Amino acid sequence: MIPIGRPESHREKRVIAHIDMDCFYVQVEQRKNPKLRGLPTAVVQYNSWKGGGLIAVGYEARTFGVKRSMRGDEAKKVCPDIHLIQVPTARGKANLNLYRDAGSEVVSILAAEGRCERASIDEVYLDLTDAAERMLSEMSSVGIQEIDEQVIKSHILGLPKNADEMDKIVKDWICKTDADHQDKLLACGAIIVARLRMNVLKETTFTCSAGIAHNKMLAKLASAMHKPAQQTIVPSSSIKELLASFPIKKMKQLGGKLGVSLERELGISFVGDLLQYSKEKLQDRYNINTGTWLWNIARGINAEEVQGRLLPKSHGCGKTFAGSQALKTAATVEHWLNELCEELNERIQADLEKNKRVAKTLTLHATAFKSNNGDFQKKFPSKSCPLRYGAAKIKEDAFKLFDFSLKEFISPQGAAWGVTSLSVTASKFLAIPSGTSSILRFLSENHSKQQSSSVDSDELSIYGTDLEIVYETSPKKKTNSSIHEESVICRSISAPTKCNKKSNKIKQKNKEACSIFKYFHSNDASSSILNEPSVNEVVENYTSSCQPENECSVELIEDPDCNEITSNNQPANKTESWKYNADNIDLTVIDELPLEIQNELKEWLRPYKQAKMAKKYSIADYFSPSKK
DNA sequence: CATTCTGTGAGC
DNA sequence: GCTCACAGA
Ligand SMILES: Nc1ncnc2c1ncn2[C@H]1C[C@H](O)[C@@H](COP(=O)(O)OP(=O)(O)OP(=O)(O)O)O1
Ligand SMILES: [Mn+2]
Ligand SMILES: [Mn+2]
């Protein structure tokens with residue numbers, strides 16, 4: 001909820017920008033159909049019921065009083081000429097990929113000058129401290145000379161308002177040679193941001209607005225002050241006055257219940273009104289984190305870091321089934337879950353291709369009512385399980401999760417039910433290592449070759465179906481350092497089979513596992529991971545199996561060749577571990593796996609078996625250009 | 001009968 | 001680690 005309240009150092013010297021696209025979905029539609037430019041336009045989802053719901057409104061339409069969340073019909077009433085563009089649909093639901101992709105385009109342009117955090121589909125935070133410092137030092141002797149026209153359009157808080165002289169005042173402020181260091185850095189930040197915004201416009205046709213300040217909170221606040229296609233600078237000297245009249249509910253994090261409780265319980269209206277309360281009082285009334293955070297924001301202090309993150313952390317698909325559309329049979333739920341899972345599968349496959357990462361967790365959310373107990377919406381328990389790649393697996397697992405939740409929802413009485421919303425989410429992404437000497441890269445390259453000459457990619461995915469590849473790298477601490485370990489374990493994952501009522505935990509069938517190998521190489525500068533695999537690779541075969549329906553006992557056997565890193569082999573969870581059998585270098589263990597899995601595993605392991613027969617154990621052999 | 005998303009900390 | 005409420009696009 002509330003970010004942990006950490007104070008910033010007394011004189012904050014960071015240069016932080018917040019950039020937010022103007023009426024974003026509308027601009028995306030206007031790029032697609034330029035005839036809409038300059039016309040009152042809004043984007044709606046669906047349209048058969050009351051003209052659909054507006055989710056984005058262009059600035060021309062806003063002058064007529066058209067608002068987000070209005071119905072299409074309502075918008076037509078106040079703005080008869082409005083162009084209502086529908087969100088694309090697929091599989092009976094809205095599909096937002098057009099806007100997601102446009103958002104990614106923008107992020108990739110804006111990430112060029114400093115650490116960038118994708119804060120939503122249409123906004124980012126940037127930490128431009130280094131770039132601004134560099135700029136300032138480069139022109140410290142000459143002073144700032146030429147200024148883009150865009151920069152002149154900046155608004156600078158705390159300066160006297162004078163419409164006629166504005167251009168000159170801004171230019172003077174930006175170029176002022178006797179300004180303090182903090183202000184000069186902001187001026188440099190503003191120049192950089194203006195250029196970035198120009199780049200976005202040139203490369204995408206989209207306009208955006210920005211705030212430039214010493215922290216995220218003030219930058220966010222400023223970016224919304226002057227829209228569209230403008231930017232606003234917050235010099236430190238302007239903060240007190242700004243917050244003194246800044247409404248509490250407009251502050252990020254105070255737009256909900258907390259903001260209301262502040263207004264009601266303290267009887268205040270503006271962020272600056274919080275100044276009268278001691279830190280202890282705020283911590284006492286709210287809690288240590290929230291209280292500290294409140295005390296700080298009243299003073300314009302906020303030390304939250306800009307996280308370097310360009311990609312979303314999860315992908316979700318959902319649909320609501322309002323009123324009479326509520327789903328009342330398992331079959332209709334299954335139908336819609338299938339549609340949602342199809343889309344989710346498509347999106348995580350695309351994400352894998354583009355971003356080389358895999359999702360590890362599948363979560364099902366729903367809302368439902370019980371019709372005996374009044375019609376009132378009750379939260380349906382959400383559940384998650386390991387995500388298995390492949391549309392069929394995702395569908396199977398999502399429906400099982402739903403089924404567990406439903407039983408919990410209706411028990412013990414058992415009653416008629418109706419589902420009013422469903423969603424499935426893929427999360428906990430892990431990057432696939434991409435260095436030349438990575439085992440996973442090797443696996444995936446080999447696998448994609450097999451795939452091209454075989455069946456539906458859905459049915460044979462490197463991360464998918466019943467197999468998962470667990471990839472681990474040794475934590476570098478505790479070592480003697482230059483040794484780097486990668487281990488790959490290939491194991492089966494089953495659909496969720498049981499749900500423990502008490503702990504609410506989904507039980508998987510016990511995993512049957514085959515540790516494929518471990519791989520060590522030196523991570524010295526002299527033999528960098530980026531170089532050809534070099535190194536003292538040791539490809540060890542580990543074999544093991546877990547008895548189905550039995551918890552494995554931990555049996556760690558020291559690796560004779562690599563004593564120094566066995567401590568890193570400690571399994572985090574003692575219910576799963578691998579026996580090491582140095583003698584069994586043949587992959588006979590797979591004979592103990594279910595036939596279906598065996599076949600799949602054999603396909604996968606063909607290259608390794610060939611390698612074994614040739615008594616070649618070095619992964620380097622696979623990377624050498626002559627081979628393969 | 002707003003809808004369809006995403007991210008965070010608390011509490012277990 | 002998982003689930004939830006809350007806050008925001
Ligand atoms: N409540 C919502 N439901 C669905 N989609 C939304 C919702 N709010 C915003 N969006 C989508 C559509 C918006 O174009 C996009 C960016 O949101 P936001 O930045 O708040 O407004 P905006 O970009 O449309 O206008 P502005 O120019 O005021 O920033 O996210
Ligand atoms: Mn926006
Ligand atoms: Mn936004």
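By convention in this document, chain letters (A, B, ...) are assigned in the order of the sequence lines, proteins followed by strands, and residues within each chain are numbered from 1. All values below come from the heavy atoms of this structure, side chains included, with hydrogens, waters and symmetry mates left out. Every value quoted in this text rests on a predicted model; they were computed, and no experiment measured them.
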Exercise for the section: Please step through side chain to side chain donor-acceptor pair (under 3.5 Å) for the pair A:Ser405 and A:Glu408, ending with a clear verdict. Expected result: CA-CA 5 Å; A:Ser405 292; A:Glu408 224 168 274; 6.0 Å; no
Between [options], which nucleotide gets closest to the side-chain atoms of [X]?
X        : options             : value
A:Arg100 : B:dC5, C:dC4, B:dA2 : B:dC5
A:Asn289 : B:dC5, B:dC1, B:dG9 : B:dG9
A:Gln307 : B:dT6, B:dT4, B:dT8 : B:dT8
A:Lys428 : B:dT4, B:dC1, C:dC2 : C:dC2
A:Ala322 : C:dC6, B:dC5, B:dT3 : B:dT3
A:Ile55  : C:dC4, B:dT3, C:dA7 : B:dT3
A:Pro312 : B:dT6, B:dC5, B:dT4 : B:dT6
A:Ser384 : B:dC5, C:dC2, B:dC1 : C:dC2

Exercise for the section: Determine the interatomic distance between P on C:dA9 and the same-named atom on B:dC1; round to the nearest Å. Expected result: 26 Å
Handout entry: A:Leu221 and its side-chain contact (heavy atoms from CB on, under 4.5 Å) partner, picked from A:Val234, A:Leu243, A:Ile297
Key = A:Leu243
Handout entry: A:Leu362, A:Leu364, A:Thr361 screened by side-chain contact (heavy atoms from CB on, under 4.5 Å) with A:Cys385, the one that passes
Key = A:Leu362
For a quick test of reading the model: is some side-chain N or O of [X] closer than 4.0 Å to OP1 or OP2 of [N]?
X        : N     : result
A:Lys313 : B:dT8 : yes
A:Ser314 : B:dG7 : yes
A:Lys257 : C:dC6 : yes
A:Lys220 : C:dG8 : no
A:Thr320 : B:dA2 : no
A:Ser382 : C:dC2 : no
A:Arg68  : B:dT4 : no
A:Thr425 : B:dT6 : no

Practice task
Decide, applying a 5.5 Å centre-distance limit and a 30° plane-angle limit (both strict), whether A:Tyr46 stacks on B:dT3.
Solution key: no
Nearest-angstrom distance from the residue atom [atom1] of [X] to [atom2] of [N]:
X        : N     : atom1 : atom2 : value
A:Asp20  : C:dA9 : CG    : P     : 8 Å
A:Leu310 : B:dG7 : CG    : P     : 12 Å
A:Phe369 : B:dC1 : CZ    : P     : 10 Å
A:Asp73  : B:dA2 : CG    : C1'   : 13 Å
A:Leu311 : B:dC5 : CG    : P     : 18 Å
A:Leu422 : B:dT4 : CG    : C1'   : 13 Å
A:Gln253 : B:dT6 : CD    : C1'   : 13 Å
A:Lys216 : B:dT8 : NZ    : P     : 8 Å

Exercise for the section: Answer yes if the ring centres of A:Phe409 and A:Phe380 are under 6.0 angstrom apart, and no otherwise. Expected result: yes
Exercise for the section: Would you mind classifying the nucleic acid contact of A:Lys50 as base, sugar-phosphate or nothing, using non-hydrogen atoms under 4.0 angstrom? Expected result: nothing
Exercise for the section: Look at all strands and tell whether A:Met251 reaches a base, only sugar-phosphate, or nothing, counting heavy atoms closer than 4.0 Å. Expected result: sugar-phosphate
Practice task
Tell me which residues in residues 114-127 of chain A put a heavy atom below 4.0 Å from DNA chain C, sorted by number, or none.
Solution key: A:Ser120, A:Asp122, A:Glu123
Practice task
For residues 84-97 of chain A, pull every pair meeting salt bridge (charged side-chain N to carboxylate O under 4.0 Å, His left out), keeping only residues two or more places apart or in separate chains.
Solution key: A:Arg91-A:Glu346, A:Lys93-A:Glu343
Practice task
Select from A:Leu54 and A:Arg309 the residue whose nearest nucleotide in DNA chain B is closer to the 5' end of that strand.
Solution key: A:Leu54
Fill in the blank from the handout: Note: for A:Gly316 and A:Ser69 on DNA chain B, the residue whose nearest nucleotide lies more 5' is A:Ser69
Practice task
Taking salt bridge (charged side-chain N to carboxylate O under 4.0 Å, His left out) as the test, write out the residues that go with A:Lys249, two or more places apart.
Solution key: A:Glu263
Handout entry: More than 12 heavy atoms from other groups under 6.0 Å of NZ on A:Lys77
Key = no
Exercise for the section: For the pair A:Phe206 and A:Phe24, name the ring-plane relationship: parallel under 30°, tilted 30 to 60°, perpendicular over 60°. Expected result: perpendicular
Practice task
Consider only side-chain N and O atoms of A:Ser314 and A:Thr425, and report whether a donor and an acceptor are under 3.5 Å apart.
Solution key: no
